[in-house]
Each structure stands twice: as C-alpha cells, then as structure tokens.
Amino acid sequence: MAAAARPLYLLEVEYDGKLGRAVLKLYDAESQKLVEVPDASGHKPYFLTDLSPEELLREHPELFKHGGFDHIEVVEKYDPLRDENVLMTKVVARDPLSVGGSRGAMREVLKDHAWEARIRYHHCYIYDLGLVPGMPYVESNGALKAVEVEVPENVVQELEKLYGSDEELFRRALEWAKLFQAPVPRIKRVAVDIEVYSPEPNRVPRPLEAPYPVVAVSFWASDGLRRVLLLRRPELGEPPKLDDVEYFASERELLRRAFEIISQYPLVLTFNGDAFDLPYLRVRAQKLGFAEEEIPIEWRPGADKAQVKGGLHVDLYRFFINRSMKVYAFGNKYREGRSLDEISGALLGVGKVKLDKHVSEAGYEELARYSLRDAELTFMLTQFNDELVMKLIVLMMRISKLGIEDLTRHNISTWIRNLLYFEHRRRGYLIPNESDLKRLKGQTDTKAVIKGKKYLGAVVIDPPTGIFFNITVVDFASLYPSVVKKWNLSYETVRCVHEECRSAVIPGLSHWVCRKRRGIMSEVVGFLRDFRVYIYKKLAKSEKDPVRRGHYDVVQSALKVFINASYGVFGAETFPLYCPPVAEATTALGRYLLVQTLLRALELGLPVLYGDTDSLFLWNPSPQKLEELVSWVSRELQVDLDVDKSYRWVAFSGRKKNYVGLLSDGTVDAKGIVGKKRNTPEFIKSYVMQIMDLLGKAGDIEQLDNAISELKRLTHEYYSKLRRKEVLLNDLVFKVALTKPLASYVKNTPQHVKAARQLQRHGVRVEVGDIISFVKVRGGEGVKAVQLARIDEVDSEKYIEHLRTATEQILEALGTSFEEVVGGAQLM
DNA sequence: TAATTCGCCCCGCACG
DNA sequence: CGTGCGGGGCGAA
C-alpha cells in the first residue's frame, strides 16, 4: 500500500524554458522543503482570435510559418460584452515567447484580432488547470489533486441563509469558503541581509556594478538560526570571539558559505533584496569568478526581480510599500516610512541598531550587531502577531490566484485582474480585448468636480462651524461594494446589449444596467463582501477558540483589501478591464443612497450636521427616530445602514473633511486638521497633540470651557516660544516627499524641490520618494534644506502663520480665534 | 507595472 | 502689489 499522500501547498508556478513547460513549486510542510513538480498535462501556451481558420490562412499565412507555431483549434466561448456564444480560433504555440514578448511574436501579427494574448503564461496555466495558489494539494499519478477542505457547520448555515435559494450560487459560495477555511502552513524561511563596504559614506553602491566587497551577511531563520558571516579586514585588527559570528579570510569563502545557507531554505526573505542584496551578491560572485551553477541567485532584469534557485524569494520592502497593505491591512501605521527602520518601528516597536558612523567604519562587533538586527527585523515582519503577514500573504494568494512571488511584488490592480481572469476562464467566458472594451464602454456621463478627473465622485455635505454635543454617526457598511453587488454592476452589465434593459437607468446617469444576467464583477465582489460582513467579521469577534478567532481575523482583513479596491480599479485607465461607466455608476448610486437617506433623516426631524461619501453625522438623535431611519433604509433602499460611532461632542471648523471630536469611549478623534499631517513641523504637531490631550479631558460643557481657557494659554505659550526663537531647528522642519524626479518640476518650483536642489548641489543624491527636510528662512530662496540651515536664519513670521492655521481649525470651532488669543502679543 | 474622487493648505506664477 | 488660478502634497472616504 502506498504511503498516505501528504499535503503540498502550492506556492508558485513558473515557466521553465529548458523543460519547455510549467513547473509547480509546492511546499511540503512535513519535510519543510520545496517540491518542484513539472506539468504533466501537456498544457501549451496559446491565445485566441476572432478570425476563422480560413481567414487566418488567407490573411495571415505567415502565422503558420512562425517558428513557435504549433497548431490551431476552434473553441467556443461566451462573450460577456455581447451576451452570446462565439467561436474563436485558438492559436497554440510551442513556447510563451512566440505568443508575445519577442520580436515578430504571433500576437503582433494579428494585432487587434488577438484575444487573451497578454496573459503571462504561468498565469494562463493556473487558470486552465483551476489551481489555487496557497491551497493544499496531493500528488497522485503525477497530477495534483486538491485536498478536501471541511467547511464548519456554522459557516455552511450562514451560506444557506444567504444563497440557499440559488443552488448554483450556493455551490460557488461553498467553493469560496474552502479557500478561507483551508489550513495555512507555517513556512520554513530565512531572512538575509548584507552589508557592503563603501569608501563614500553617502553613496549606496549600485548592485549591478557591485564595486566593493561584501563585508557582512546576516541570517535570521524560523528554525532558530542566527548567524553573521564577517569578512576579516586587517584595518579592524584581531577579530573578537562573538556568538553567532563566523569570520572569513576571503570574500570568496564568505559568499560560498552564504550561498550554502541560502540554499537550505525553501523561502528567502529580504528587505529590498530585489533592488540590492541579492543582485549584489550575484554580481559580486560573478566578479570573483564563481561559475553560474555555484550562484544560487538569478536576476530578472525586466521584472527587476531576484530569484533564488530551487527556492522562493519574497522582498518584504515591495510588499510593505504596497498602498493597499499600508492602508487597509495595517491601518496606515507606518505611513511615513519606506525604510526597514520605520516600518519595523511602527509594526514591531523595534528599530534598527543605531550606528553613529558608516557601516564601513564600524568595528566587527558593531557591524555584526547592526547587520544581524536587520535580518532579525526582516524576519520578524513575517513573524509578529503569530505570523500575521505570512498568513495574509497566503490568504491573498488564494483570493487573487497569484503565486507568492507575484503577489508580494504587485499591486492591488494586478491581484484583482488576476482574480477576474481566473473567474472568466473557470466559466468559459472570453476575456475582453482591451481596445474592444474601451470602444464599447470607454465613455463617461458625468464631469468631475476636480479638473483633470474623469467622472463625478462622492458628495460631501458642508458642515457648520462650532461645537455640537451628542452626535451619532451612521454609515453604510462598505458602501461601494454593496452598490456593486446590489445593482449588478460589472463591465458587461452596465450599458449591456439588451434593448429591454435600457429602462433600468441608474439615477442621475444615462447608463442602464442589465436585468437579464448577473455581472461577473458583481458576483465576485458580492461574495467577498458577504463573506466579510456576514461571516468572518462576526466570527472574528464571536469565535471562542483563540487560534480560530485569529484565523478569521486574518481572513476578514484579507477580504477587506480586495473589497475596498474593487471599485477604484474600474476607474483606472491602466486596468485591463477599465470601465469608467462602472466606476461612475458606483459613485452615482453612492450619492443617491446618501442623499436619499439625508432627505429621509430630515423628514424624520433628525438634524444632519455633516456627511462624507457614506456617512451622516446626526445631532442628538432620538433612539426611536434613529431606529426608524435605519429600518427605512433597509426596507426602501435595501442596504445596511449601521451606527458607526458616537461622539460626546464634535467641533467642526466649518471646513469639509476637517473636525475634532470626543468619542464616547473618551478618545479624541481628529480628522484632516493640518496639525496632524505628516509634513507639518514637529513644533506645530506637538502643539496640536497637547490641544488634543486637553480636549480629551473635556467631557461636558463646563470642562470644555476650562479646556478652552487652558488652550488659549497654550496657544500663547507656543506663539511666544516662536517669537523668542526658543525652538529647536529640528522641530521646525517640514518633511515633504519628492513624488517625481527633480528634473520634472518644470511648471513650478515648490519649496521642497528648492531644498532638494540645494542638496543636490552639495553632492547629495536625491531620488523619487525621498522625504526632503527643509526649514523656512528669511531671504534667499526662502527655504533651506535643514542640513544647510542655522536656527538664526529661520523666518519666525512664516511659522507664526503656520501656527495660526493649525490653531484656527480648532479655535474657530470652539468659538474663539487666533487673534483673540494672541491679541496684544505684538506689544511684547 | 500603476485603485478612485473630493477637499484643504501653501506656494509659485501670470495678469492686471 | 493684489488677485486668481493651478501645481503640489497630504489626508478623508
């Protein structure tokens, strides 16, 4: 009898050029090794065309002579844009490059007659075999079989309630549930970090030139390995005996040992290893005469990606700078940061080892500690909170159907695109041709408020000025995804082909929506939303078992990432399923719902003070009327309106997206005020923070009165400090990001650009994404990079103006003003 | 290869 | 020199 097959988790699929077929990379949790399984199905690259075989022969005979041509077949597909079945010719190739990506590739021959020709082959393979990365499989006779996943009874019951009336929908929902319920493996992995000698402290050497020796390579792994490999250098004297440190007389020996360790792990983690550590190691090894087979690192120049032979490489830098991850999964905790120090500081509470000199000047012990900490932090980013990040990655792989290397290197639009393509293939839908889609669905109905935008977005209600007590905020639970689900929005259903659907108009637009067919996007988003709102968010709270509860929380966070971006991608021109009517129908219905609810609230005698996109601020609502509003929305508009939060008071400055309130749990909630923005100097931030503390203690009118007089005192104190120049230069620094290359600021020269150019003149390299620190000074350009400035040059008047605006947003709401507070101060 | 619009604030620049 | 508009950055949703 054969041994019981053990589960292998599919982590990645690649095309192997030498083998001429796809190779699956699976993780065997028992042996903790990566298993590579070449395709056994004979699957080949292909694309589709609307030209018949006869037309192809007649009009494109050269196609059949192409070196990569294999054969053609006629296949039937469902065309969602036209709501009809169509016959397409499948052009099968010998290798992916012949389909596209090489000169004279077959898709170039057919141009606009080529469908599904821009899909990367390894993705195409995943779709066609219905494989789900992140899921467990067993190998049986060379083929992979999905491991049966049990869905808990309570989840099945909930799905019964939601979809029980439609057998097919219920079946699909169960399939989705398996992705969320399957166990998540703990993957053996090692974090790697290197340090490089450099004679110029301010320059990071280019990895593809790798001009200087590697002096340290550190490892921190899940199996307990902590190791620093150090290069002996005569100038550092006799090396001390240190725990976890190995010394090497030559860089060659050091690299050999480093490669040996790297090759022992199925998964290698780095922080910026794509752009630095791994290519540096590779090029360095080449320079030292290593043979190709002795170097376990490959470099993909087109993708700027470093790969580990026989393993997988995740560059956490690329994953953590992903905006969706920052905002939704990690609540913007590390919004300032792009560096390991800032991200680990925010998420782990631990930063890098501080070095007061350059790496090249550090002694052995210092260098070892510094380097090992980097490897440790990199590893810990995947380890904290019971491997939260690893679990999120695996869950998002299952939702997006992307392998681990693709998922961690690409943004949300790629994730959603891949998920939708997979869904198309699963159903036998033809994936629309971009030019076709744009021609049929490329036009909008509305004009945006902001110049340069494509369509009208959300409504924001003009707030009053002043303090209001006892405010309840109601909001629609994930408004846009709800709209997409409920109104059947999808690229093929908005402005569908049916005459009889044209009467189903979207309020305020000329677009109509299909009544005959369920939209593919509507269904997918609907599932993800329902799973999050009705199942996993609830289970993440109610589940008794802490391990399962933790898992449910990961599931709901992973779902949140997809749900929140599912509307935006349709308004993004770079998205292959770009469909502005879907995006503008979504916002139009959002506006409709908010306005209808507002009108109903007013009819009920509920005063509405403010609202933004999906929320309404109700002033002192009676519980009965509130309940009436919620049930009316549920009954008449058929969406969920929830009580989101309640404030003891809210101070509105009279500006939109700008208010401060005291929540019923005693925390201060400040939105949009300049004192909180990250480019605001610390001096002003600290002032605003103190005001927040003050307001946090003021629960009622009387306490608030006291707080206001204390606030006036505080304002005056800060004002005087500025006047008397009793402020540290560092506290006056504006930190502004350079969002594009220095040379491309041609229309204007903003202040941070002036400062950046000063730095450049002083030989400092300035790049896109750098945060420029500058202060405002008298005379000259009006600004100086902080490195070049002295405290006595500072322009106090400018800072007083900044203090004024920061203050006014709060003071005006409280019924006083900056002038009133500092009035008379001029006499000092 | 890249999710959206709305809104606030400061500044730079052109125009009168 | 004042004014208005657009560029630029950052946040709210």
Side-chain angles (χ1 to χ4, degrees), chain A residues 118 120 302-305 318 321-324 327-328 332 335-336 406 409-417 444 446-463 473 475-476 478-480 561-580 582-584 586-588 590-591 594 610-616 644 653-659 669-680 684 734-740 744-754 771-772 776 781-783 798 801-802 804-806 808-809:
Chain A
R118 299 198 164 267
R120 302 282 312 276
D304 282 338
K305 175 183 169 188
R318 290 180 76 161
I321 58 165
N322 185 319
R323 247 193 88 208
S324 304
V327 177
Y328 294 116
N332 240 340
R335 56 190 176 157
E336 307 208 4
D406 279 335
R409 283 173 176 79
H410 296 286
N411 284 340
I412 187 73
S413 71
T414 300
W415 303 357
I416 293 179
R417 179 205 70 198
T444 58
T446 54
K447 283 249 177 305
V449 170
I450 296 170
K451 216 184 124 190
K453 301 293 178 190
K454 296 177 290 255
Y455 58 90
L456 195 54
V459 276
V460 187
I461 295 158
D462 217 352
V473 180
D475 73 354
F476 297 105
S478 45
L479 174 67
Y480 289 166
V561 173
F562 285 82
I563 293 164
N564 279 322
S566 60
Y567 135 78
V569 291
F570 282 97
E573 272 170 288
T574 48
F575 187 60
L577 297 173
Y578 172 60
C579 185
V582 167
E584 89 179 323
T586 309
T587 57
R591 292 193 299 276
L594 193 73
Y610 177 61
D612 184 350
T613 311
D614 60 354
S615 69
L616 291 173
D644 180 31
S653 67
R655 299 157 177 85
K656 293 173 176 180
K657 299 184 188 283
N658 193 289
Y659 58 88
D669 194 27
K671 299 288 185 188
I673 56 171
V674 292
K676 267 189 67 176
K677 299 206 172 189
R678 79 154 163 75
N679 54 0
T680 301
I684 290 162
F734 289 86
K735 293 180 181 174
V736 179
L738 208 60
T739 59
K740 51 183 197 173
S744 63
Y745 290 86
V746 283
K747 295 195 169 158
N748 261 330
T749 311
Q751 297 194 321
H752 67 297
V753 174
K754 286 181 180 157
I771 309 281
I772 309 297
K776 303 198 178 185
E781 289 187 291
V783 287
K798 280 275 190 292
E801 281 312 302
H802 278 278
R804 178 198 299 276
T805 25
E808 270 172 356
Q809 294 187 351

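Lettering of chains follows the sequences in order, A, B, ..., and the numbering in each one begins at 1.
For A:Lys453, the side-chain contact (heavy atoms from CB on, under 4.5 Å) criterion is met by A:Ala448, A:Ile450, not counting sequence neighbours. Partners of A:Lys740 according to the side-chain contact (heavy atoms from CB on, under 4.5 Å) rule, which considers only residues two or more places apart in sequence or in another chain, are A:Ser744, A:Tyr745. Considering only residues two or more places apart in sequence or on other chains, A:Asp614 meets the side-chain hydrogen bond (donor to acceptor under 3.5 Å, both in side chains) condition with none of them. Remark: A:Asp644 engages no residue in a side-chain hydrogen bond (donor to acceptor under 3.5 Å, both in side chains) (not counting sequence neighbours). Residues meeting the ring-ring contact (aromatic ring centres under 6.0 Å, His included) test with A:Tyr610, sequence neighbours left out: A:Phe617, A:Phe652, A:Tyr659. Among residues two or more places apart in sequence or in another chain, the side-chain hydrogen bond (donor to acceptor under 3.5 Å, both in side chains) test is passed with A:Tyr567 by A:Tyr455. Residues that satisfy the side-chain hydrogen bond (donor to acceptor under 3.5 Å, both in side chains) test with A:Asp612, not counting sequence neighbours, are A:Lys657. Remark: A:His802 pairs with A:Phe734 by the ring-ring contact (aromatic ring centres under 6.0 Å, His included) rule, at least two apart or across chains. A search for side-chain contact (heavy atoms from CB on, under 4.5 Å) contacts involving A:Ala572 returns A:Thr574, A:Phe575, not counting sequence neighbours.
Axis angle, first five pairs versus last five pairs of the helix from B:dT4-C:dA13 to B:dG16-C:dC1: 20°, rounded to 10°.
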Practice problem: Any chance you could list the contact pattern along nucleotides 10-16 of chain B? Use B for base contacts, S for sugar-phosphate-only contacts and - for none, protein heavy atoms under 4.0 Å, 5' to 3'. | Solution: SSSS---

Show the distances under 3.5 angstrom between N or O atoms of the protein and N or O atoms of nucleotides 4-7 of chain B.
| unit_1 | atom_1 | unit_2 | atom_2 | d |
| --- | --- | --- | --- | --- |
| B:dT4 | O4 | A:Arg323 | NH2 | 3.3 |
| B:dT5 | OP1 | A:Lys454 | N | 3.2 |
| B:dT5 | O3' | A:Gly457 | N | 2.9 |
| B:dC6 | OP1 | A:Val449 | N | 3.4 |
| B:dC6 | OP1 | A:Gly457 | N | 2.8 |
| B:dC6 | OP2 | A:Val449 | N | 3.2 |
| B:dC6 | OP2 | A:Ile450 | N | 3.3 |
| B:dG7 | OP1 | A:Lys656 | NZ | 2.9 |

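Straight-line distance from the CD1 atom of A:Ile772 to the C1' atom of C:dG9: 13 Å, rounded to whole Å.
A:Phe734 comes within 4.0 angstrom of no nucleic acid atom, judged by non-hydrogen atoms across all strands.
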